[in-house]
Amino acid sequence: MAVKADGVDLSATTAANVGQAGSSGGSYSVTITNRSTSGVTVRLGLGTSSATFQDARYVLYDEPLAAKSSLTFSPIVAEANDYIIAYSSAASVNALMMGFDEA
C-alpha cells in the first residue's frame, strides 16, 4: 500500500478532482472545509472521467455545510484510476483526500 494525500481549492459551482485512486484502487477519507462566513452546499462522488460525476456514484449531493465548518466522509472505496470529485455552491471551500492506494 502507498500513502496518498491530495486536495483542491474549489471554485464556485464547478466540479473538480480532489485526487485520483491508484491503478489498483484504494480507500480514502475526504474532508471538505468551508472557510467562508456563509453556508454552502457540497457534493462528493466518484467518476471515471476527470471532474465528471457519475450519477450512480454520488456520496453526498447538495449537503449543507455551515460557515467555518468541516465534514469528513470515510471510507470512500475507489476502483482503479477512479477520480474523487467535489463541488461547492460557493468559493472558499477546499477538499482534502487522505488514504491508501492498493498495491
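The structure presented is a predicted model; accordingly, all values stated were derived computationally and were not measured.
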Side chain proximity check, Asn17 to Ile84, heavy atoms < 4.5 angstrom: no
Cluster link Val18 to Leu65, ILVMFWY, side chain under 4.5 Å: yes
Validation row: Ile76, Met97 side chains within 4.5 angstrom (heavy atoms): no
When you compare the side chain of Leu46 with that of Tyr83, does any pair of heavy atoms fall below 4.5 Å? no
So CG of Asn94 and OG1 of Thr31: to nearest 0.5 Å the spacing works out to 9.0 Å
Around Tyr58, counting heavy atoms of other residues, nucleotides and ligands shown, do more than 12 lie under 6.0 Å from its OH? yes
Are any of the side-chain heavy atoms of Met1 and Glu102 separated by less than 4.5 Å? yes
When rounded to the nearest 0.5 Å, the distance separating OG of Ser88 from CG of Leu44 is 12.0 Å
Tell me if a side-chain donor or acceptor on Ser36 pairs with a main-chain N or O of Ser38 at a distance below 3.5 Å. yes
Are Ile85 and Arg57 side-chain neighbours, meaning at least one heavy-atom pair lies under 4.5 Å? no
Given Thr41 and Glu63, is the side chain to side chain contact (heavy atoms under 4.5 Å, CB included) satisfied, shown in steps? CA-CA 5 Å; Thr41 58; Glu63 182 73 21; over 6 Å; no
Could you tell me if the side chain of Asp101 sits less than 4.5 Å from the side chain of Tyr28, heavy atoms only? yes
About how many Å separate CD of Glu79 and OG of Ser23, when rounded to the nearest 0.5 Å? 13.5 Å
Quick one, Leu71 and Leu60 - any side-chain contact, counting heavy atoms below 4.5 Å? yes
